[in-house]
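Below is one structure, written out as structure tokens; the observations come after it.
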Amino acid sequence: MAVLKDRYYFGEIEEKWQKRWAEEDIYRVAEDSRKPKYYCLEMFPYPSGKLHMGHVRNYSIGDVLARYLTMKGYNVLHPMGWDAFGLPAENAAIKHGNMHPAVWTYENINTMRAQLKQLGISYDWSREIATCHPGYYRWTQWLFLQLYKHGLAYKKKAAVNWCPSCATVLANEQVKEGTCERCKTGVEKRELDQWFFSITKYADRLLEDLSLLKGWPEKVKIMQENWIGRSEGAEIVFPVEGGDAITVFTTRPDTVFGVTYMVLAPEHPLVEKLIQDRPQAVEIREFVKNVRNLSEIDRTSTEAEKIGLYTGAHCINPLNGERVPILVANYVLLEYGTGCVMGVPAHDQRDFEFARKYDLSIKVVIQPEGPDLKPEKMTEAYTGEGSMVNSGPFNGLPNKEGIKAVIRYCEEKGAGKGVINFRLRDWLISRQRYWGAPIPIIYCEKCGIVPVPDADLPVELPMSVEFKPTGRSPLADSPEFVNAVCPGCGGPGRRETDTMDTFMCSSFYYFRYTSPRNTERVWGESEINYWQPVDQYIGGVEHAILHLLYSRFFTKFLNDINLVPNTEPFTNLLTQGMVLKDGAKMSKSKGNVVSPEDIVSAYGADTARLFILFAAPPERDLEWSDQGVEGCYRFLNRVWRLVAPMAGKLSGGQPDTDKLVGVDREMHRLTHVTIKRVTEDVGNRFNFNTAVSAIMEMVNGLNQYREVPETDREPSVLKEAAETLLVLLAPFAPHMAEELWHGTGHSQSIHLQPWPAYRPDAVAEEEVTIVIQINGKIKDRILVPVDITPDRMSELVLSQPRVRQLLEGRNVVKVIPVPGKLINIVVK
RNA sequence: GCCGAUGUGGCGGAAUUGGCAGACGCACCGCACUCAAAAUGCGGCGGAUAACCUCCAUGCCGGUUCGACUCCGGCCAUCGGCACCA
């Protein structure tokens, strides 16, 4: 039997068990049809250097769940890996001269892996993946080609962010408030050929299936819903004088008779055609050029002044034949709808303000009940309901019906149709960067765009490239990389030199974990069918939209091509709150960072984990407190001093609940109440903070119980209590629990023990204290049998001398007995 | 501006289905142990009050109810997301 030291030497203990667990490989899992599976996943980190407290929180939460569910008898898949491609690696390479992004990344991975092991997280490390490894990105490229083959990847010109000072292209993430993140220079726009995924083809499914996600926070679903941004309306065609036509999207077809002007986005392809040979041409070209150069931020800022210019051209309202002037304005976005807006100033606030500013006419077509709206007297647009007026055949129709009627009418006349529009845009995945998965495409003069054949994957990143900011992908300057043989005709070809957005790499990693070393296929069929979907996903809310939406898109696509059995990737989602210090997010610039390393070396991993789980429920932000950490450390020491002396002294089997009395019965009860509380808090509610509280209360009770002379106690009760305590503590403080478990005479790992079930008869009480209220105010308490009837309870309470005294001279109106809780006497 | 979350002691938080507000922990105070300190153990700890079995108290105002931290209506504050979406 192991000897337990009288003091808690966390360093020795943690090191010893981490080594043993690795040697015995206790966290390795394989498919096992005899056991129910559970896939517990935390968002894999970007290997930025070292773990921060947010990581510690994320992985501690996941670890408690994984360990708990394993003890509950599930076959738990709990893997870890690295979201290892991305800009910081490249920036570090530029900053540190000749350090290669791969070296920087793998060094960080080694550091962070060691830190995760020091925290004692129960990962199956045999499944570790890194997205920058050719064995992984081979499949990133393969999936790109699958999307391409199914018509969901396409190339198109699009504007990118350009920093004139760094002479480089910037990803959206690198643009902060319209300036370059590194040098603060104003960012410009440049047009480049780029690859896109047609996520918009899945917009309706991505929206509809949100309702299937019962285990997701409402907040996240609402954010995705808004992001997808479905709106119903119509596209209506306005012929332009002198040929051409403008198709406009509107959600208010009932107001088409009120159109008094039409506005095009500056980039709208028709603009140049309309202004040709007109006096306005010079001014408008200048305006368009200026707007194009604006950054996304400046362009879409609500504060930006709305500027419109008259083109001189007109179009015809197809419903009433009216002549409508055409304008160009900065607030109209080319990407949304059809890139133009019909102006209905009487019934749209923005149009109203714009019309007043430029003295455009206002025409009322929806009349609410009450006095007639007069354009010249209106101070704001009328956007409510009403009857249609000045609307030809639709006059008198309630506008809600008018929406449908106008659409039907347009469809009959061939002037338009009902349309559903989404705000969601296609996903731009091209990055003019080195440290990412190369897009597996070859351009050939004869064959055009040619996908790299599967057999030639991966298209490997060349190791020796220059990282000077030249304005192009560094790959473009690597002739060995660029020059390739066309797989179609065998002639000379050029490789695509852009790499893929790293969100692509993280959109399928949770599938790859099921077969991480499969070199033949992206994953095995039996593995994917066994493990999918992820039962519990845990991570920060900052990924509520992009990562989670892209992953849902991928899952639906992969389901469509029969590669995965599920249509949604994550059954349950837990979004953990931030870790704050002094009320603010920890950051270097604020100087309020607490490093996990320091905490682990000063107090041990068990203390760090316990504090982070105890300090707040997982969804809420957590305020870091050094004194709170101290408190958790003291608690673990208390556990040590309580249990360590019991080594070799515990005896007895299962206590017999029926025969226990007095302090033994109370202790036995506390043990089972604690099992119940911890099980519910961890398993049903994810309230780890209250689970820890329950364990603390049990320790307090156990300490008192141990004060009772040994001769007055039933030994089996102490044994049950001590062992239960360790098992309940195991998911939270795995090292200490393991050490004490072995020290008290066990040879198998505590982490392989079954989770205890509480005995209802042990939890049950014979008598309970109920509260006596008079008019809702507490006046007294009384001990009553648990199974007392409400009638008997009322009788008993009303006969109490103190109650009778309080009721003296008052009129009892009503008595409300609530069994097991309280009784309220209503008097006048 | 729109959408969402949160608001409880000196602090982090608890109260699971409308039923004892403040569990558990921190800080603080007192006591024990000690030559002393630390550590540890024991006790106290929302406010008012001389005191109570009294009164007040869960951001503010109002409502429903025998009973409201919890439900409803209206405000305020803080945080987060979206932000000219036609």
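Lettering of chains follows the sequences in order, A, B, ..., and the numbering in each one begins at 1. Values below: every heavy atom of this structure, side chains too, minus hydrogens, waters and symmetry copies.
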Contacts of type ring pair (Phe, Tyr, Trp, His ring centres under 6.0 Å), residue A/Trp227, not counting sequence neighbours: none
Heavy-atom donor-acceptor pair, A/Arg252 side-chain to B/A86 base, under 3.5 Å: no
Sugar-phosphate, base or nothing in reach of A/Ser231, heavy atoms under 4.0 Å: sugar-phosphate
Provide a list of protein-nucleic acid N or O atom pairs under 3.5 angstrom, restricted to nucleotides 20-24 of chain B.
residue, atom, partner, partner atom, Å
B/C20, O2, A/Arg781, NE, 3.1
B/C20, O2, A/Arg781, NH2, 2.7
B/A23, O2', A/Glu697, OE1, 3.4
B/A23, O2', A/Glu697, OE2, 3.1
B/A23, N1, A/Ser693, OG, 3.4

A/Asn775 or A/Val818, whichever maps to the more 5' nucleotide of RNA chain B: A/Val818
Sequence-distant partners of A/Arg792, salt bridge (Lys or Arg N to Asp or Glu O under 4.0 Å), two or more places apart: A/Glu795
Ring pair (Phe, Tyr, Trp, His ring centres under 6.0 Å) partners for A/Tyr705, two or more places apart: none
Distance-only donor-acceptor pairs under 3.5 Å for side chains of residues 245-263 of chain A, two or more places apart:
residue, atom, partner, partner atom, Å
A/Thr250, OG1, A/Arg252, N, 2.9
A/Arg252, NE, A/Asp254, OD1, 3.0
A/Arg252, NE, A/Asp254, OD2, 3.3
A/Arg252, NH2, A/Asp254, OD2, 3.0
A/Asp254, OD2, A/Asn399, ND2, 3.0
A/Thr255, OG1, A/Arg252, O, 2.8
A/Thr260, OG1, A/Ser361, O, 2.8
A/Tyr261, OH, A/Asp351, O, 3.4

Under the ring pair (Phe, Tyr, Trp, His ring centres under 6.0 Å) test, residues paired with A/His672 that sit two or more places apart: A/His668
Salt bridge (Lys or Arg N to Asp or Glu O under 4.0 Å): pairs with one or both residues in residues 681-703 of chain A, sequence neighbours excluded: A/Arg677-A/Glu697, A/Asp681-A/Arg685
Sugar-phosphate, base or nothing in reach of A/Val341, heavy atoms under 4.0 Å: base
Contact state string [nucleotides 41-49 of chain B, B base, S sugar-phosphate only, - no protein heavy atom under 4.0 Å]: S--------
Watson-Crick and G-U pairing of RNA chain B written in dot-bracket, each distance under 3.5 angstrom, with | for inter-strand partners: (((((((..(((......[....))).(((((.......))))).(((.....)))..(((((..]....))))))))))))....
Check nucleotides 3-10 of chain B for protein N or O atoms closer than 3.5 Å to its own N or O atoms and list the pairs.
none

For A/Phe238, ring pair (Phe, Tyr, Trp, His ring centres under 6.0 Å) partners two or more places apart: none
More than 12 heavy atoms of other groups within 6.0 Å of A/Gln704 CD: no
Under-3.5 Å donor-acceptor pair between A/Lys306 side chain and B/C84 base: yes
Identify each atom pair where a protein N or O and an N or O of nucleotides 68-70 of chain B are less than 3.5 Å apart, giving names and distance.
none

